[in-house]
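Working notes, beginning with the structure itself.
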Amino acid sequence: GSSNLNAKLVLLGDMGAGKSSLVLRFVKGQFLEFQESTIGAAFFSQTLAVNDATVKFEIWDTAGQERYHSLAPMYYRGAAAAIIVYDISSTDSFTRAKKWVQELQKQGNPNMVTALAGNKADLEDKRKVTAEEARAYAEENGLFFMETSAKTAANVNDLFYEIAKKLPRA
Ligand code: GDP
Ligand code: MG
């Protein structure tokens, strides 16, 4: 039968990893070379059709800076899904992503569908984090893994679509 689902989704990860750009690509089909950095958090919504159901994502795009860290639980608490984003050209951003994974494992909703997104996959010549390393880490931690590019749109819709498919149905 058909069903409609509202799902709170939060994006976490280092500042500059491309969280806002992934959301902008998914929601508006756009990309900005000079995306403004997020202050606090920003809200978006987008509905996806998955088989004969619809999933309305209520998306919280967080800032990522350490000084906003104390606000993060407000966004991930009660979230059905999280996307932890790093930049494949930055080992620091991958380290930061692992910290978010640990925090969600300790404090987050245990049934949360969590994805690890290696963004800026178009920057192959600047790559510092291999897909193999990230995939192995994701498997060990029960995360769903994809490399994405908000710039070229590669895997962006697929990422949200795969999350939508994994959400528990009422
Ligand atoms: P946020 O701080 O995680 O929200 O990151 P932003 O979305 O603001 O992106 C930071 C910078 O990286 C911006 O200049 C974006 O244009 C750029 N950027 C984001 N995604 C990509 C991508 O997939 N490829 C490339 N080459 N640049 C990207
Ligand atoms: Mg941002």
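Since the model is a prediction, treat every value here as computed from it, not as a measurement. We count residues from 1, following the sequence as given. Start at 1 and go down the list; that is how both ligands and their atoms are numbered.
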If you count the atoms of ligand 1 from 1 in the order shown, which ones are under 4.0 Å from a heavy atom of Leu32? 15 (C), 16 (O)
Tell me the contacting part of Leu123 for ligand 1: side chain, backbone, both, or neither, using a 4.0 Å heavy-atom threshold, strictly below. side chain
Output the list of atoms in ligand 1 that are nearer than 4.0 Å to some heavy atom of Ser149, sorted by atom number. 23 (O)
Of the side chain and backbone of Asp14, name the one, both, or neither that has a heavy atom under 4.0 Å from an atom of ligand 1. backbone
Side-chain heavy atoms of Phe94 within contact of Glu133, under 4.5 Å: yes
Within the structure, does Ala63 bring an N/O atom to less than 3.5 angstrom of an N/O atom in ligand 1? no
Taking Glu147 first and then Arg127, would you say they form a salt bridge - that is, a charged N and a carboxylate O separated by under 4.0 Å? yes
Run down the list Ser21, Ala117, Gly64 and name the one with the heavy atom closest to atom 15 (C) of ligand 1. Ser21
Ligand 1 versus Glu33, non-hydrogen atoms closer than 4.0 Å: side chain, backbone, both, neither? backbone
Between Tyr86 and Leu116, is any pair of side-chain heavy atoms under 4.5 Å apart? yes
N, O or S from Met15 under 2.8 Å to the Mg ion (ligand 2): no
Atom 12 (O) of ligand 1: which protein heavy atom is closest, and how many Å away? Lys120 NZ, 3.0 Å
Are any of the N or O atoms of Met15 closer than 3.5 Å to those of ligand 1? no
Within ligand 1, which atoms have a heavy atom of Lys19 less than 4.0 Å away? 1 (P), 2 (O), 3 (O), 4 (O), 5 (O), 7 (O)
Is there an N/O/S atom in Gln35 at a distance below 2.8 Å from the Mg ion (ligand 2)? no
